[in-house]
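The next block holds one structure in the form of structure tokens; read it before the comments.
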Protein chains: 2
Amino acid sequence: MKGKNEKALISILRDHGLHATFQRLAIYEALISTHEHPTAETIYQQIKKRFPIVSLGTVYKTLETFCEVGLIHKVNPLTGVARYDAITGHHHHLVCMKCHSIEDAESIVEEPRLSEQNGFRVLRQQVFFHGYCPSCRESISG
Amino acid sequence: MKGKNEKALISILRDHGLHATFQRLAIYEALISTHEHPTAETIYQQIKKRFPIVSLGTVYKTLETFCEVGLIHKVNPLTGVARYDAITGHHHHLVCMKCHSIEDAESIVEEPRLSEQNGFRVLRQQVFFHGYCPSCRESISG
DNA sequence: ATACCTGCAAAGGCTTTGCGGTTCG
DNA sequence: CGAACCGCAAAGCCTTTGCAGGTAT
């Protein structure tokens, strides 16, 4: 994605049904130019160097819009509120994107519990499946 | 865990180096009695029925303490701040528990991308590996 | 006896919202 | 031109913090 010219970016935004404003171009460009999974604040700080007028509120709104149309993803799989679990063993979670229920799921594949990867010491792993629980699925697609 | 008597719960708390207060017993009991991955607020509401005096602040503190000693887990793998990612393809994340950096990781095992499980329609899956990145690892264990 | 824990209330931080004005298509 | 979008600032949550009093060991 890196190095994409402005025209290509404009097309991408329009293909997703969005107006191509310079704020959006700047935000999207900032996001595809890094692998650091930045926060809204971080993106805001970076953009401000080139466009001192952009506001933090717009960055939030824009990122949310991008998520809605599927252009980007939130890395954080939940919606802000902390959720707790007394089961500390290895298992997965089925997260409903509508009602935000969280169900446990068995480990489907017995994955290797790597203790290292690229020098990164892994202490715990979690798998999230996002989608629609049976009842929400019904209420959405009929 | 369900149905554990009070004595057993007290032992569990003590084994983790914690004082056994009735607030903690109530909070822990509430958490092991459900599979709904409740929020602090939810636990608070439930406990209030039996012990109207317990405060929400204590629930938060207690849950945090339980996490620190490994008695429970936060389901949410990050620390409250939303993080964004322009790469929407299937990949994993290495989350540093100290500096909160997030690196991409390749899919180690080619997992089956189930579209269904228990009637749950899966649209996206994310795997989080929590641990220490190379530099934090160094600064912790010498 | 003392270190730990709780309740209360205030503060903090992240995110959303409302509104008037502006811009894109 | 109309709908979509932006900046600004205030409000809204969720969570943490500080402190004085109480409790477990």
Side-chain angles (χ1 to χ4, degrees), chain A residues 6-7 9-28 30 37-45 47-48 50-69 71-84 100 102, chain B residues 6-7 9-28 30 37-45 47-48 50-69 71-84 100 102:
Chain A
E6 197 169 300
K7 252 180 195 146
L9 297 182
I10 291 176
S11 298
I12 291 173
L13 291 177
R14 293 201 178 138
D15 289 349
H16 285 81
L18 303 174
H19 282 187
T21 66
F22 80 87
Q23 291 93 335
R24 289 180 171 178
L25 288 171
I27 291 169
Y28 187 53
H37 308 80
T39 65
E41 178 72 34
T42 306
I43 292 173
Y44 170 60
Q45 293 300 338
I47 290 175
K48 224 169 40 173
R50 285 194 297 161
F51 307 102
I53 303 185
V54 174
S55 81
L56 179 57
T58 295
V59 174
Y60 272 106
K61 282 181 208 167
T62 301
L63 289 169
E64 196 52 37
T65 303
F66 284 177
C67 285
E68 280 166 13
V69 300
L71 188 55
I72 67 171
H73 275 164
K74 248 185 194 161
V75 176
N76 194 320
L78 301 179
T79 54
V81 199
R83 304 280 291 254
Y84 299 89
H100 303 124
I102 302 177
Chain B
E6 196 170 301
K7 256 184 191 142
L9 296 182
I10 291 176
S11 297
I12 291 173
L13 291 177
R14 292 199 179 142
D15 289 348
H16 285 81
L18 303 175
H19 282 187
T21 66
F22 79 87
Q23 291 92 336
R24 288 179 172 179
L25 288 171
I27 291 168
Y28 187 52
H37 309 79
T39 65
E41 178 71 34
T42 306
I43 293 172
Y44 171 61
Q45 293 300 338
I47 290 175
K48 225 170 37 174
R50 284 194 299 159
F51 307 103
I53 305 186
V54 174
S55 80
L56 179 58
T58 295
V59 174
Y60 272 106
K61 282 181 207 167
T62 301
L63 289 168
E64 195 52 37
T65 303
F66 285 177
C67 284
E68 280 167 14
V69 301
L71 187 56
I72 67 172
H73 275 164
K74 248 184 195 161
V75 176
N76 193 320
L78 300 178
T79 54
V81 198
R83 304 279 291 254
Y84 299 89
H100 302 124
I102 303 177

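Every chain is numbered from 1 and lettered A, B, ... according to where its sequence line falls, protein lines coming before strand lines.
Where B:Lys61 and A:Lys74 meet DNA chain C, the nucleotide closest to each residue was compared, and B:Lys61 sits on the side nearer the 5' end. Residue-to-nucleotide proximity on DNA chain D shows that, of B:Arg14 and A:Ala82, the 5′-proximal contact is made by A:Ala82. Nearest-nucleotide mapping onto DNA chain C: of B:Val59 and A:Ile10, the residue sitting toward the 5' end is B:Val59.
In this structure, A:Ala40 reaches neither bases nor backbone, as no heavy-atom distance under 4.0 Å exists between it and the strands shown. A:Ala20 comes within contact range of the sugar-phosphate backbone alone, with a heavy-atom separation under 4.0 Å but no base atom that close. Across all strands, A:Thr21 comes closer than 4.0 Å only to sugar-phosphate atoms, never to a base (heavy-atom distances).
Applying the 4.0 Å criterion to OP1 and OP2 of D:dC6, one finds that A:Arg24 has a side-chain N or O inside that range. Taking 4.0 angstrom as the limit, B:Tyr60 places a side-chain polar atom (N or O) nearer than this to OP1 or OP2 of D:dT15. Taking 4.0 angstrom as the limit, B:Gln23 places none of its side-chain polar atoms (N or O) nearer than this to OP1 or OP2 of D:dT23. Distances shorter than 4.0 Å separate some side-chain N or O of A:Ser55 from OP1 or OP2 on D:dG7.
Rounded to an integer number of Å, the gap from CG of B:Leu63 to C1' of C:dT6 is 14 Å. Atom CD in B:Glu64 sits roughly 17 Å away from atom C1' in C:dC4 (whole-Å rounding). In this entry the distance linking CD of A:Glu41 with P of C:dG12 reads 17 Å, nearest Å. Protein atom NE2 of A:His19 is 14 Å distant from nucleotide atom P of C:dT23, rounded to whole Å. Distance, B:Glu6 CD to D:dA24 P: 12 Å, rounded to whole Å. Separating the CG atom of A:Leu56 from the P atom of D:dC8 is a distance of 11 Å, rounded to the nearest angstrom. Nucleotide C:dC4 holds its P atom 16 Å from the CG atom of B:Leu13, rounded to whole Å. At whole-Å resolution of the value, CG in A:Leu25 and C1' in D:dC5 are 13 Å apart.
Ring geometry for A:Phe22 against A:Phe51 counts as tilted: the plane angle lies between 30° and 60°, on a 0 to 90° scale.
In this structure, B:Thr62 and B:Tyr28 have side chains that are not in contact, with every pair of non-hydrogen atoms separated by 4.5 Å or more. Taking the side chain as every heavy atom from C-beta outward, B:Leu71 and B:Thr65 never approach each other to under 4.5 Å.
Expressed to the nearest 0.5 Å, how far CD1 of B:Ile10 lies from CG of B:Leu25 amounts to 5.5 Å.
Donor-acceptor pairing under 3.5 Å, judged by distance alone, is absent between the side chain of A:Lys48 and the base of D:dG7.
Looking only at distances, a side-chain donor or acceptor of A:Arg83 sits under 3.5 Å from a matching main-chain atom of B:His37.
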